[in-house]
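Start at 1 and go down the list; that is how both ligands and their atoms are numbered.
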Amino acid sequence: MINPSAADPSFNRRRFLGTVANASLGSALLAAASGCRTSTGGAAPARAGSTLPLIVSTWPFGKPANEKALQVLQAGGGRLDAIVDGISVTEHDLSVSSVGAGGDPNAEGVVSLDACIMDGPTHKCGSVAAVEGILPVIGLARAVMEKTRHVMLVGDGARRFALANGFKDTDLLTEAARRRWQEWKARQTGGQPASAPPDSHDTIAMVILGSDGQLAGGCSTSGLSYKLPGRVGDSPIIGSGLYVDNDVGAAGATGVGENILRFCGTFQVVELMRAGASPAEACAETIRRIQRKHPAGTDLAINFLAIDRRGRFGAAGTGDGFPYAVTYPGYSEVLKSVAVPARA
Ligand code: ASP
């Protein structure tokens, strides 16, 4: 049986010691400091019985999404049903200001969504970008995958495809988001857009290892707050915001999309796992590679999570790392990722 095991049982400590004294200990300490729960070593506790399916997703809002996905799988649903229903929880949660309804709009006050989905066994994927007034866009991405011969639809074409396929026109801009946008707009001077607050973006990226050993993943976001109309980040781009290789594992990303897009971030994570890295090590090494090439060096906000076919999972983020949700039968917690670089 495949077991979701410690976030990093085969962690290459020698290589990682330069930045993280002890990845597991680092995770545990950060988790304690941030109020995130973790068990020994940032890993899920060993437990008897079935430990699959395994569902891992970004940020604390990933936890209810994971739990929905688990429920779908346990009721006999497929892995893509689980991805769509799980991520839809976040897309419909009006308190989440970076995904779906309730998400922050672009510079013109319009909510513009990006999403993608990828299936391990078939290596099929579907993606939508800069879509307005449609929910859930993760379901729309699946429809693109299953009902067209294309991988990606954008903008008005994606919206018209949605309306022709049973999706309803939906007002995604909440009063709270409209107020935040108006305040931002009022701060603009001399035609120069004021920059958005630094933490005004996030994504749900979810990866699943089913009880049958098959992988899948999905990603959904409203992108950077007050972005230029038409801007698309990493999240709907296969190999940047999400990548699944059924022979190896799956990875998802969150953070400033431009800095993930330039490096095909999640493709790198999966390829590093293929070369033998554990999930957290692959995430951390991808970040270090980006930091080495990017002019901003370590001053970046990028995060990755990953699972492999063996049921191992892990995550790494810049700065202090980031919280991510891990769920399997009998277990559902928010853990803290490895931090790159680590703070001593
Ligand atoms: N990656 C997303 C984007 O750039 C935002 C985030 O995940 O923080 O659109």
Side-chain angles (χ1 to χ4, degrees), residues 56-62 65 87 90-91 93 95-107 110-118 127-132 137-138 140-141 152 154-155 158 172 177 180-181 193 195-207 217-243 251-269 283 286-287 290 294 296 299-306 315-325 334 337 340:
V56 180
S57 62
T58 48
W59 305 111
F61 57 59
I87 289 181
T90 322
E91 287 197 27
D93 183 343
S95 71
V96 177
S97 62
S98 55
V99 178
D104 279 335
N106 64 21
V110 178
V111 179
S112 168
L113 303 179
D114 302 334
C116 72
I117 191 164
M118 188 159 189
S127 165
V128 291
V131 189
E132 297 171 11
V137 278
I138 187 66
L140 184 58
M152 188 168 195
V154 305
L172 304 175
R180 285 194 299 271
W181 169 69
S195 56
D199 58 350
S200 58
H201 52 86
D202 280 336
T203 294
I204 179 155
M206 175 185 284
V207 290
C219 208
S220 179
T221 188
S222 52
L224 300 186
S225 306
Y226 323 131
K227 59 194 175 186
L228 287 178
R231 180 265 186 190
V232 172
D234 61 308
S235 305
I237 307 298
I238 300 298
S240 281
L242 178 77
Y243 195 64
T254 180
V256 176
E258 283 71 6
N259 298 329
I260 298 165
L261 266 172
R262 283 192 254 264
F263 297 89
C264 301
T266 53
F267 182 75
Q268 289 209 40
V269 172
C283 292
T286 300
I287 290 174
I290 294 173
H294 197 289
D299 190 21
L300 292 170
I302 51 175
N303 310 278
F304 296 100
L305 56 69
T318 49
D320 292 334
F322 79 111
Y324 68 110
V334 175
S337 80
V340 184

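The two residues R180 and S97 come nearest to each other via the heavy atoms NH2-CB, 3.3 Å.
Remark: ligand 1 atoms within the under-4.0 Å shell around heavy atoms of T254 are 6 (C), 7 (O), 8 (O). Numbered from 1 in the order shown, with element, the atoms of ligand 1 that lie under 4.0 Å from a heavy atom of G223 read 9 (O). Taking a cut-off of under 4.0 Å to the non-hydrogen atoms of S235, the atoms of ligand 1 that pass are 1 (N), 2 (C). Close contacts between ligand 1 and T203 involve ligand atoms 1 (N), 2 (C), 5 (C), 6 (C), 7 (O) [criterion: under 4.0 Å to a heavy atom]. Close approach to H201 involves these atoms of ligand 1, each under 4.0 Å from a residue heavy atom: 5 (C), 6 (C), 8 (O).
Of the protein's non-hydrogen atoms, R231 NH1, 2.8 Å is the one closest to atom 9 (O) of ligand 1.
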Step-by-step side-chain contact (heavy atoms from CB on, under 4.5 Å) determination, T318 to I287: CA-CA 7 Å; T318 49; I287 290 174; 3.6 Å; yes
Between V99 and F61, is a side-chain contact (heavy atoms from CB on, under 4.5 Å) present by the stated rule, with each step listed? CA-CA 10 Å; V99 178; F61 57 59; 4.2 Å; yes
So V131 and L140, side-chain contact (heavy atoms from CB on, under 4.5 Å) or not? Walk me through it. CA-CA 10 Å; V131 189; L140 184 58; 4.0 Å; yes
CA sep, side-chain torsions, deciding dist, call: T266, F304, side-chain contact (heavy atoms from CB on, under 4.5 Å): CA-CA 7 Å; T266 53; F304 296 100; 4.1 Å; yes
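Relative ring orientation between H294 and F263 is described as tilted, the plane-to-plane angle lying within the 30° to 60° band.
Residue T221 has no nitrogen or oxygen atom sitting less than 3.5 Å from a nitrogen or oxygen atom of ligand 1, judged on distance alone. Polar contact check, D234 against ligand 1: a nitrogen or oxygen pair lies under 3.5 Å apart. Not a single N or O atom of E258, backbone or side chain, sits closer than 3.5 Å to an N or O atom of ligand 1.
Checking side-chain atoms of E91 against main-chain N and O of I138 turns up a donor-acceptor pair under 3.5 Å.
Checking G265, G257, G255, G233 against atom 5 (C) of ligand 1, the nearest heavy atom belongs to G255.
Here the straight-line distance linking atom CG of D114 with atom OG1 of T221 works out to 6.5 Å at 0.5 Å rounding.
By the criterion of a heavy-atom distance under 4.0 Å, neither the backbone nor the side chain of K227 is placed next to ligand 1.
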